[in-house]
Novice: 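Before I ask anything, here is the structure I am working with.
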There are 2 protein chains.
Amino acid sequence: MSERPIDRRRAETRREILAAAWELCHQEGLAGLSLRELARRVGMRAPSLYSYFASKDAIYDAMFAEGQIELGEHMSFLPDDDLTREDFRAGAQAFFEFCTSDPVRYQLLFQRTLPGFEPSPETYALATDRLERLETQLASAGVSHRRHLDLWTAILTGLTSQQISNDPGGDRWARLLDDVVDLFCDHAGVPPTEPSKNPRTTTRSRK
Amino acid sequence: MSERPIDRRRAETRREILAAAWELCHQEGLAGLSLRELARRVGMRAPSLYSYFASKDAIYDAMFAEGQIELGEHMSFLPDDDLTREDFRAGAQAFFEFCTSDPVRYQLLFQRTLPGFEPSPETYALATDRLERLETQLASAGVSHRRHLDLWTAILTGLTSQQISNDPGGDRWARLLDDVVDLFCDHAGVPPTEPSKNPRTTTRSRK
DNA sequence: GTCTATATCCAGATAGAC
DNA sequence: GTCTATCTGGATATAGAC
């Protein structure tokens, strides 16, 4: 289970390559990733990359996995049980911020735009695990219909993708977030937070 | 103003090339458009395409324009004045169907995923004209805040993109459409349609 | 005017020397 | 592990036949 020095070094080089790949994609677009240029940036020739990744798609796959893990960490502040309306608001804000802060990452994780690329089963499992956790969280707030889960994801990705496509760097859709969360919560039956109490320490009326 | 035969022929060949380009993109993905393969499919060699389009991006631009015009036609059944809640429902259904029926076209029109490609000003004007018409239509139903316009587009593109990305060919998000339209209309103050009257022939209570 | 042929450049990927 | 050399093939652009 412990890492040999050779594996540590190898993992470090992989990380270095991935960091350069992200930077390159930020500059040239997700599909603009070129192995020659990527290799140049880490002081290699293109064929040497194949010692670390089996193919260009394997690099995309590792980036996809990295993005999913980052998203999981970014959302990990949310409790698994007894979500309040405040948690919905904070969760929406966090997801929105995560996505809009890196449109290229958003494109890789949530849009299917790279011809021929599909995440590997192991990597895709990261995405489904995350969705299952969300399902659990919503259910803990009494939102247990798949319709409501689907509505929640549609609302969030809708605001997010509009913000990215039509007002990058701005807040035209960001400002709608709180209203939309309230709209959803009213619809899905998540009770309003009592303004006089602290939602994180109050006993909930729901059992 | 009238077309010379030579221009007619040229326009026809352009249309033929565009049709083949759409077919190729449907098969290989939007970014998978190859000029060699495109030329092969219309019985040409690649360089001959340059007699009809100045560049590959010019082909994308023409496809973008074509898509915008198709969308305009697809939505043209909607009146410009006095939209009812029924019109919102029908409009949402029509937009959703238009988008999900051709994910590649949706990607070209609404997502910014082709590195380096931007529609020309003339072509982009088709998109802004369409959005202005939508603005007018919403205003005619008393929905005149930009917040509501933005919410409407976010909701529609959210449901649409989720359907395309996560349940292509299915109806998982399509089934949410009517509920969401009602949610939006309640929020934006579009009055419910009286069930006993025909919304297209009834005198509206709103002036 | 439109075509074929060709030139240049760049892409992902592999073989094999070291 | 990293390199050079090379394969296949796409994108752009030009020359010149017809």
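No experiment lies behind these values; they were computed from the predicted model shown. A note on names: the letters A, B, ... follow the listed sequences, proteins ahead of strands, and every chain is numbered from 1.
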Novice: Only counting residues at least two apart or in another chain, list the ones meeting salt bridge (Lys or Arg N to Asp or Glu O under 4.0 Å) with B:D129.
Specialist: none
Novice: Taking salt bridge (Lys or Arg N to Asp or Glu O under 4.0 Å) as the cut-off, I'd like each qualifying pair that reaches into residues 148-164 of chain A, sequence neighbours left out, listed once.
Specialist: A:R146-A:D150, A:D150-B:R172
Novice: Determine which pairs satisfy salt bridge (Lys or Arg N to Asp or Glu O under 4.0 Å) with at least one residue from residues 94-114 of chain A, sequence neighbours left out, and list them in order.
Specialist: A:E70-A:R105
Novice: Suppose the criterion is ring-ring contact (aromatic ring centres under 6.0 Å, His included): which pairs have a residue in residues 67-86 of chain A, not counting sequence neighbours?
Specialist: A:H74-A:F98
Novice: Going by the side-chain hydrogen bond (donor to acceptor under 3.5 Å, both in side chains) test, which pairs reach into residues 34-49 of chain B, not counting sequence neighbours?
Specialist: B:Q27-B:R41, B:E37-B:R40, B:E37-B:R41
Novice: Near DNA chain D, under 4.0 Å by heavy atom, which residues of residues 33-57 of chain B?
Specialist: B:L33, B:S34, B:L35, B:R36, B:P47, B:Y50, B:K56
Novice: Run the side chain to side chain contact (heavy atoms under 4.5 Å, CB included) test against A:A174 and tell me which residues pass, sequence neighbours left out.
Specialist: A:F96, A:Q163, A:D171
Novice: Determine which pairs satisfy ring-ring contact (aromatic ring centres under 6.0 Å, His included) with at least one residue from residues 122-146 of chain B, sequence neighbours left out, and list them in order.
Specialist: B:H145-B:H148
Novice: Return the set of residues passing side chain to side chain contact (heavy atoms under 4.5 Å, CB included) with A:A154 (not counting sequence neighbours), or none when no residue passes.
Specialist: B:L159, B:Q162, B:W173
Novice: On DNA chain D, reading 5' to 3', which nucleotide is the first and which the last to sit with an atom under 4.0 Å from a heavy atom of chain B, could you check?
Specialist: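 First and last nucleotides in contact are D:dG10 to D:dT14.
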Novice: With B:T136, which residues qualify under side chain to side chain contact (heavy atoms under 4.5 Å, CB included), at least two apart?
Specialist: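 Applying side chain to side chain contact (heavy atoms under 4.5 Å, CB included) to B:T136 gives none.
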Novice: Counting only heavy atoms and a strict 4.0 angstrom limit, can you tell me which residues of residues 111-120 of chain A come near DNA chain D?
Specialist: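 Contacts with DNA chain D under 4.0 Å: none.
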